[in-house]
2 protein chains.
Amino acid sequence: MRMERLPKRQRHQQLSKLLDENPFLTDRELTRLLKVSIQTIRLDRLELAIPELRERLKQMAERSYDSIRSLPLDEVIGDVLDLHLDKSGISLFEISEEHVFSRSGIARGHHVFAQANSLAVAVINDEIALTASADIRFVRPARLGEKCIAKAYVRSSRGQKAKVEVITYVGEEMVFQGDFIIYRSASETKT
Amino acid sequence: MRMERLPKRQRHQQLSKLLDENPFLTDRELTRLLKVSIQTIRLDRLELAIPELRERLKQMAERSYDSIRSLPLDEVIGDVLDLHLDKSGISLFEISEEHVFSRSGIARGHHVFAQANSLAVAVINDEIALTASADIRFVRPARLGEKCIAKAYVRSSRGQKAKVEVITYVGEEMVFQGDFIIYRSASETKT
DNA sequence: TAACTTTTAATACCTGGTGCCAATAAGAGT
DNA sequence: ACTCTTATTGGCACCAGGTATTAAAAGTTA
């Protein structure tokens, strides 16, 4: 039963590797690289469940298209659940596909930051409020599917500077903490 | 000379728009949407220099594949102009409508941060790189239409922690400065 | 040698096109 | 009304890069 020739498995590995390195290869090009007939290449792809070139390109295009679509970071990132102007606020942000590194499923930092930053700005009750500086820590990674609850507290608000602390949780765990200094346009009388 | 019928130009606009919104449309699907024959669609594409579906998909796939190891380009906010792994990087990000507060035309902080953060992560040459913490200052607001040039420098890289400084300029003016601490997965300590 | 797997070949068919030529249709100019 | 020009449509041959199927050939053991 155990056949001496296992160039097949080897070839399968090579083929997977080749296509991993360069998914733009046609079957015909693969015949040159692997020195087998085109039918063999196609049987191999069949066994390995590797789709044809055009399907591979389409899938790549779709993935990159989705991730480009999702970038618009608007208004407040996440849903505002609770807001007491000049005091505190809470927002919810669910980590989905477009927010994570595909390899690791871990959210890119700027999305977690964006939730916190936009909440910090939203909680300041003024026409114009801008982030002046921030000191932030990503305590633990947020992962695909997790629901991030950001809580913002206005710690002080004198003159044009307001200090806002934001802490983001997933369940009981802290994932992010940041101290923001927000510039506001004028005195708080101008609401 | 000036002909009254310009359904052609209108159709060209519609066609461009349709394909802009959904580049995955075949000519046949376009005939249904535009109510003209498939030949007309193809003449239109010819005039507008729009390639066929498969070519479009291929181009999208290629763009998304023009990745530099750990991070596909479109996962970076802005366009990478220059990248020396583990050393430095430069990216360009133009502030457009969707990035600003409509009242003031000033960019929301998290967009400027996102450019800097994603560049800081991209410059780290590793499979997995995550922002651990950051200390950032928004030196002056970035405004609608301004081109932000972010420059990242790897200041130190010992073990799993890398310090990356990012400074963002508009022209000669500094708009943002941040010190990032990036966690890397492991392995590569070669600088 | 027989039984088996693996490889190659041949053929029909598919999608989403290109390229080319000819036939209409729809104006505009005079 | 009759051209002249542009626009639209149709038909046909052809292409790449495949799928699907059937069959033959080659290699591999027991």
Side-chain angles (χ1 to χ4, degrees), chain A residues 1-69 102, chain B residues 1-67 72-74:
Chain A
M1 278 300 140
R2 293 283 311 117
M3 274 176 256
E4 192 48 47
R5 54 142 146 121
L6 51 149
K8 192 175 175 180
R9 318 239 165 215
Q10 280 182 18
R11 196 182 56 236
H12 280 190
Q13 287 198 333
Q14 278 186 36
L15 190 143
S16 301
K17 194 183 157 201
L18 282 169
L19 286 180
D20 207 51
E21 285 166 4
N22 181 7
F24 297 86
L25 292 169
T26 66
D27 288 357
R28 203 163 303 276
E29 288 167 326
L30 288 166
T31 62
R32 290 209 333 277
L33 296 172
L34 296 178
K35 312 285 186 196
V36 287
S37 73
I38 201 162
Q39 287 82 357
T40 303
I41 298 289
R42 285 167 181 170
L43 281 173
D44 287 354
R45 276 200 300 100
L46 201 70
E47 287 187 64
L48 295 170
I50 296 173
E52 60 169 302
L53 169 66
R54 285 159 173 173
E55 191 53 35
R56 295 197 298 270
L57 296 185
K58 192 178 171 191
Q59 287 176 12
M60 293 172 69
E62 276 168 350
R63 274 206 307 281
S64 79
Y65 192 67
D66 289 348
S67 71
I68 282 170
R69 297 238 107 177
S102 48
Chain B
M1 278 301 141
R2 294 281 311 115
M3 273 178 256
E4 192 50 45
R5 54 144 143 118
L6 50 149
K8 192 176 175 179
R9 318 241 164 214
Q10 281 181 20
R11 197 183 54 236
H12 280 190
Q13 288 198 333
Q14 279 185 38
L15 190 143
S16 301
K17 194 182 157 201
L18 282 168
L19 286 181
D20 207 50
E21 287 168 1
N22 181 6
F24 297 86
L25 292 169
T26 65
D27 288 358
R28 204 164 301 277
E29 287 168 326
L30 288 166
T31 63
R32 291 209 331 277
L33 297 170
L34 295 178
K35 313 284 185 196
V36 287
S37 73
I38 201 162
Q39 289 82 354
T40 304
I41 297 290
R42 287 170 179 168
L43 282 173
D44 286 355
R45 274 199 301 101
L46 201 69
E47 288 187 64
L48 296 171
I50 296 172
E52 60 169 301
L53 170 65
R54 285 160 174 171
E55 191 54 35
R56 296 196 299 270
L57 296 187
K58 191 179 171 191
Q59 286 175 13
M60 293 173 70
E62 275 169 350
R63 273 206 307 281
S64 80
Y65 192 69
D66 280 343
S67 58
L73 279 188
D74 46 21

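From a predicted model like this one, the values you see are computed outputs, not experimental measurements. So you know, we letter chains A, B, ... as the sequences are listed, proteins then strands, and number each from 1. What's counted below: heavy atoms across the whole structure, side chains too, no hydrogens, waters or symmetry copies.
Each of B/L34, B/L33, B/I38 was checked for a side-chain contact (heavy atoms from CB on, under 4.5 Å) with B/V36, and the lone residue meeting it is B/L34.
B/R54 contributes no side-chain N or O that forms a donor-acceptor pair with the base of C/dG17 under 3.5 Å.
For A/I41 and D/dA16, the CD1 to C1' distance is 17 Å, given to the nearest whole Å. Distance, A/K8 NZ to C/dT8 C1': 13 Å, rounded to whole Å. To the nearest angstrom, P of D/dT8 lies 11 Å from CZ of B/R9. Note: CG (A/L30) to C1' (D/dG17) measures 12 Å, nearest angstrom. Rounding to whole angstrom units, CD1 of residue B/I50 and P of C/dG16 are separated by 18 Å. In this structure, the CG atom of B/L57 is 15 Å from the C1' atom of D/dA16, given to the nearest Å. Whole-Å rounding puts the B/R42 CZ to D/dG11 P distance at 14 Å. In this structure, NE2 of B/H12 is placed 15 Å from P of D/dT6, rounded to the nearest angstrom.
No side-chain heavy atom of B/F24 sits under 4.5 Å from any side-chain heavy atom of B/E29. Here the side chains of A/R32 and A/R28 are not in contact, with every heavy-atom distance at 4.5 Å or above. Side chains of B/R56 and B/I50 form a contact here, defined as non-hydrogen atoms less than 4.5 Å apart. The shortest side-chain heavy-atom distance between B/D27 and B/L53 does not fall under the 4.5 Å cut-off.
Within a 6.0 Å sphere centred on CD of A/Q13, heavy atoms belonging to other residues, nucleotides or ligands number 12 at most.
In this structure, CG in B/L57 is found 11.0 Å from CE in A/M60, a value given to the nearest 0.5 Å.
When each of D/dT9, D/dG17, C/dG16 is scored by its nearest atom to the side-chain atoms of B/E52, the top-ranked nucleotide is C/dG16. When distances are taken from the side chain of B/S37 to each of C/dT7, D/dG10, D/dG17, the shortest belongs to D/dG10. Listed candidates were C/dT7, D/dT8, D/dG18. Nearest to the side chain of A/D27 is D/dG18.
Note on A/R11: a side-chain N or O is less than 4.0 Å away from OP1 or OP2 of C/dT7. Residue B/T40 has a polar side-chain atom (N or O) positioned under 4.0 Å from OP1 or OP2 of D/dT9.
Among the atoms of the strands shown, none is found under 4.0 Å from any heavy atom of B/I38. Contacts of A/R45 with the nucleic acid, taken as non-hydrogen atoms under 4.0 Å apart, involve only primed sugar atoms and P, OP1 or OP2. Contacts of B/Q39 with the nucleic acid, taken as non-hydrogen atoms under 4.0 Å apart, include base atoms. B/L46 comes within contact range of no nucleotide atom at all, as no heavy-atom separation falls under 4.0 Å.
Heavy-atom minimum distance, B/T31 versus B/I41: CG2-CG1, 3.9 Å.
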Bracket string, DNA chain D, 5' to 3' - pairs by Watson-Crick or G-U geometry under 3.5 Å, | interstrand: ||||||||||||||||||||||||||||||

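Of the two residues contacting DNA chain D, namely A/L25 and B/V36, the nearest-nucleotide position lying further toward the 5' end is that of B/V36.
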